[in-house]
Structures are given as C-alpha cells and as structure tokens.
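Just so we're on the same page: letters track the sequence lines, and every chain starts at 1.
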Protein chains: 2
Amino acid sequence: MHQASDGIHLDSSLGYALKEASSALRSAMEEALRPLGMTITHYSCLELLAQGPGMSGSELARGAFVTRQSMHVLLQTLERDGAVERPPEDAVGKALPVRLTARGRASLAAATVAVRDVERRMLDGLGDAEQQRVLDALHRMTRSLRADAPRGA
Amino acid sequence: MHQASDGIHLDSSLGYALKEASSALRSAMEEALRPLGMTITHYSCLELLAQGPGMSGSELARGAFVTRQSMHVLLQTLERDGAVERPPEDAVGKALPVRLTARGRASLAAATVAVRDVERRMLDGLGDAEQQRVLDALHRMTRSLRADAPRGA
DNA sequence: TGGTGCATGTCAGTAGTCTGACATAGACTC
DNA sequence: GAGTCTATGTCAGACTACTGACATGCACCA
C-alpha cells in the first residue's frame, strides 16, 4: 500500500538522506562482516588501533562513536580472544594503552578486504572532486552539530 | 594521550565522515527529544505518519530504518499511549493501516520544534546549492550500497 | 597542603534493536 | 484448484549500546 509515500517530502531533507545513507552503509558493512563473526564496532576498534597503536579505551570509544562503557566490554572480548593486549605495566596515569596482537592484525586484514569492497561500491557514482566536496560538507555539519552539544562521545 | 591520533587517515575517508556526521546528528536529536520522553525512532514514526497517513507497520519500519519487529513493539507503546490508532476493520489484506490521533499530532508538533532547531544548526554553514549537491550525492551513495544488498529493512 | 575539575576505568541495570521462527493474506504460475 | 512466492504481523530470545554510579589518577590553583 501507499507505494507513493516512499518519497514525498522526506527525500528532500538532508537529515533524512544522511540517516538513509548511514543506514545503508551500516547494513552493507554488517553483511560484509557477519561471515567473519565481527561487528562494525569490533572492526572499527581494530582499524583505529592499526592507525593509532597505544590508544586508550576512551579514545577508541570516541573514534568508534560509542560510549567508553561499550568499548570496555568490547575490549574485554577482544582481549579474551587474543586480538588485542593491554599490559598493566604500560599504564599512563589511569589510561591503559591498547595494542593489536598478530592475531588481531590478521583479523583486521581479513575484514579490510570485505569493507573496502563496500566503500568502493558506495563511492561508485561519485567523482574525486565530488567526494572531496561531500567530505568537507560532512565535516562542517558534524562540527556545527557538536558546537552546542559538547558530549564526550 | 595521542591527541594527534584523532585525525590521521580516517578523516579523509568518506565512510568514516558519514558515520561521524550521522553519529553527531543522532546525539543531537536524542538530546533534543529526551526532555519530551521520545526516542528518534519514536519521532520518525510520528513524522512518517503525518506525511503518509495509513502507512502499515512494515512501511513505517522501512521509513524509520528499523526492522518491522522493532516498529511493532514501538507501535504497541504508541497505541497504548494513545498517540496512534489502527482499527482492525481497516485492515487491507494482512496489512493494518496506522493513523495519528489528535494526541499524536500534538506530540509530534512539540517534537518538531526541537528537531527543526537541530537540523537548522546542522545546515548552518551550507549554502542552498551545496545542500542540493550533498543531497544528490547521498542519494546516489544509498542507491549504490543497496544495489547488491536488497534487504527488506 | 588541600581542593576543585576533568578524564579514565569499571561495575550494574536498563532499554532499544536485532535475529529466528511461525502463521496468514494476496498474487502469480502451472 | 494446488503450489509457490512474497509481504505482513506477531511472539520469543539474544545482543548491543546506553545511562547511572563509583573510584582512581593527574593537572591546576588557592
């Protein structure tokens, strides 16, 4: 019913389009990562660690857009599975740096293959200049939204 | 620690920027709707019903980017609170059209005030032409991502 | 020296969403 | 007419992420 209602006014809303694209990206990534038994936050954490070794749990949480409590439980799982390690003697103040293990790097490498394909598909119809413009616009939007809401995550 | 690690390579990834902007929008909307005791999906459902009266639960789920199971439990709450109604005699096949009540419309009106402000803030630094370009780009990205993954939700 | 503020790590409880499964209604085919 | 496919509604269980709360460590300042 109401096939026409799929696109009336909402399709002209940038906020709705943003949520739509984000949802499509999330679905595609979940689908790509599921065969590997990995969630998006799981993957994001490994990717962040590859680019910034020694990041703390709170930093990883901010980078993956979850709370530090959520990242905490994820890190427990990753540590149990031997993908990351955080030796207590490395502690800097209260922060405890996290590092990838060989196993974690292998896990990330496998996931990267699947994820790269999703991102390639997403960018399929966009030229380089357009990608840059959209990137800039998204950054400005993010900054404006956070200006009035300085949340920790 | 590692303040520099906040922006190395990931800031040049459109996928990451998309997730970042979406996360910022979600946070801002949650913050705006919380005083009203309303979640984003809650609001989305009401907004969809205002624009397309008589939508089915499955249609609402697709429009709000959740599963029809999630929308089902939400509709139970909304119906219990008297925000929506779906008289069994209106059933078209198995689909059961949902409609806003006066109470639901009032609830939506209050939420709209808060949400409009968030969207205004988000678009603050973007010109009209740029908004249109970004909107088009997001739609193309969404379509490309779904091309290979025709999921129901 | 003590106090204030802020960030981090951690524990506990809650809430929203998801996957899996089943039954039903309509459309289409043979 | 029977069979198949698709869409919808619904129930049940599991999971992920969240909010709230507390303790610790460091920086700053009076």
Side-chain angles (χ1 to χ4, degrees), chain A residues 1-3 6 19 22-23 26-27 29-31 33-35 37-45 54-80 84 86-98 150-153, chain B residues 1-3 5-6 19 22-23 26-31 33-35 37-45 54-80 84 86-98 150-153:
Chain A
M1 62 172 69
H2 289 284
Q3 183 69 0
D6 281 348
K19 189 174 175 183
S22 170
S23 171
R26 181 174 52 80
S27 291
M29 287 190 64
E30 279 173 352
E31 187 176 357
L33 292 172
R34 185 164 313 148
M38 208 181 291
T39 67
I40 296 181
T41 306
H42 192 130
Y43 162 76
S44 299
C45 179
M55 289 177 75
S56 70
S58 289
E59 284 178 314
L60 290 168
R62 282 192 292 271
F65 309 110
V66 295
T67 62
R68 64 185 194 278
Q69 293 91 331
S70 297
M71 184 54 69
H72 176 65
V73 304
L74 172 60
L75 285 174
Q76 286 179 325
T77 303
L78 291 177
E79 199 169 9
R80 176 175 55 74
V84 306
R86 41 177 182 174
E89 60 266 26
D90 288 4
V92 180
K94 185 148 204 212
L96 191 51
V98 184
R151 350 206 97 278
Chain B
M1 59 172 66
H2 290 284
Q3 184 68 4
S5 65
D6 281 348
K19 189 174 174 182
S22 171
S23 171
R26 181 174 51 80
S27 290
M29 286 190 65
E30 280 174 353
E31 187 176 358
L33 292 173
R34 185 164 314 145
M38 209 180 290
T39 67
I40 296 180
T41 306
H42 192 129
Y43 162 75
S44 300
C45 178
M55 290 177 74
S56 70
S58 289
E59 285 178 315
L60 289 168
R62 281 191 293 270
F65 310 110
V66 296
T67 61
R68 65 185 193 278
Q69 292 91 331
S70 297
M71 184 54 70
H72 176 65
V73 304
L74 173 60
L75 284 174
Q76 286 180 324
T77 303
L78 291 178
E79 198 168 11
R80 177 175 55 76
V84 306
R86 40 177 183 174
E89 59 269 24
D90 288 3
V92 180
K94 187 150 203 213
L96 191 52
V98 184
R151 353 204 95 278

**Message:** As a quick check of understanding, evaluate side-chain contact (heavy atoms from CB on, under 4.5 Å) for B/Thr41 and B/Met71, giving each step before the final call.
**Reply:** CA-CA 8 Å; B/Thr41 306; B/Met71 184 54 70; 4.3 Å; yes
**Message:** Quick check on side-chain contact (heavy atoms from CB on, under 4.5 Å): which of B/Thr77, B/Leu75, B/Val84 does B/Cys45 satisfy it with?
**Reply:**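 That would be B/Leu75; it is the only one of B/Thr77, B/Leu75, B/Val84 passing the side-chain contact (heavy atoms from CB on, under 4.5 Å) with B/Cys45.
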Between [X] ([atom1]) and [N] ([atom2]), how many Å, whole number?
X       : N      : atom1 : atom2 : result
B/Glu59 : D/dT6  : CD    : P     : 19 Å
B/Met55 : D/dG9  : CE    : P     : 11 Å
B/Met38 : C/dG16 : CE    : C1'   : 16 Å
B/Gln69 : C/dG20 : CD    : C1'   : 9 Å
A/Leu96 : C/dT10 : CG    : C1'   : 12 Å
A/Arg34 : C/dC18 : CZ    : P     : 11 Å
B/Leu60 : D/dT10 : CG    : C1'   : 16 Å
B/Glu30 : D/dA17 : CD    : P     : 14 Å

**Request:** Could you list by number each residue of residues 70-78 of chain B showing a heavy-atom separation from DNA chain D of less than 4.0 Å, or answer none if no residue does?
**Result:**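 Listed by number, they are B/His72, B/Gln76.
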**Comparing B/Ser58 and A/His42 on DNA chain D - which has the more 5′ nearest nucleotide** =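 This one resolves to B/Ser58.
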Measuring from the side chain of [X] (C-beta onward, heavy atoms only), which nucleotide among [options] has the closest atom?
X       : options               : answer
A/Arg68 : C/dC18, D/dG9, C/dG9  : C/dG9
A/Thr39 : D/dT19, D/dT8, D/dT16 : D/dT16
B/Lys94 : D/dA23, D/dG9, C/dT17 : D/dG9
B/Arg62 : D/dG9, D/dC18, D/dT8  : D/dT8

**Asked** Do the side-chain N or O atoms of B/Ser56 get closer than 4.0 angstrom to the phosphate oxygens (OP1, OP2) of D/dA7?
**Response**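 For B/Ser56, the contact criterion (side-chain N or O under 4.0 Å from OP1 or OP2 of D/dA7) is not met.
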**Request:** Answer yes or no: does a side-chain N or O of B/Thr67 lie under 4.0 Å from OP1 or OP2 of C/dC18?
**Result:**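 For C/dC18, OP1 or OP2 has a side-chain N or O of B/Thr67 closer than 4.0 Å.
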**Prompt:** Would B/Arg26 and B/Ser23 count as a side-chain contact (heavy atoms from CB on, under 4.5 Å) if you check the C-alpha gap in whole Å, the side-chain angles of each, and the deciding distance to 0.1 Å?
**Reply:** CA-CA 5 Å; B/Arg26 181 174 51 80; B/Ser23 171; 3.7 Å; yes
**Request:** Over all heavy atoms of both residues, which pair between A/Pro97 and A/Ala91 is shortest? Give the atoms and the distance, please.
**Result:**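 For A/Pro97 versus A/Ala91, the nearest heavy atoms are CD-CA, 4.1 Å.
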**Asked** Nearest heavy-atom pair of A/Asp90 and A/Leu96: which atoms, and what distance?
**Response**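 Here A/Asp90 and A/Leu96 meet closest at C-CD1, 4.5 Å.
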**Message:** Can you work out whether A/Gly57 or A/Arg26 has the more 5'-proximal nearest nucleotide on DNA chain C?
**Reply:**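 The residue whose closest nucleotide sits nearer the 5' end is A/Gly57.
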**Asked** In Å, rounded to the nearest 0.5 Å, how long is the span from NE2 of B/His42 to CG of B/Leu78?
**Response**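 If I round to the nearest 0.5 Å, the distance is 4.5 Å.
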**Request:** Start with the C-alpha distance between A/Arg62 and A/Ser58, add both sets of side-chain angles, then the distance that settles side-chain contact (heavy atoms from CB on, under 4.5 Å), and finish with yes or no.
**Result:** CA-CA 6 Å; A/Arg62 282 192 292 271; A/Ser58 289; 4.2 Å; yes
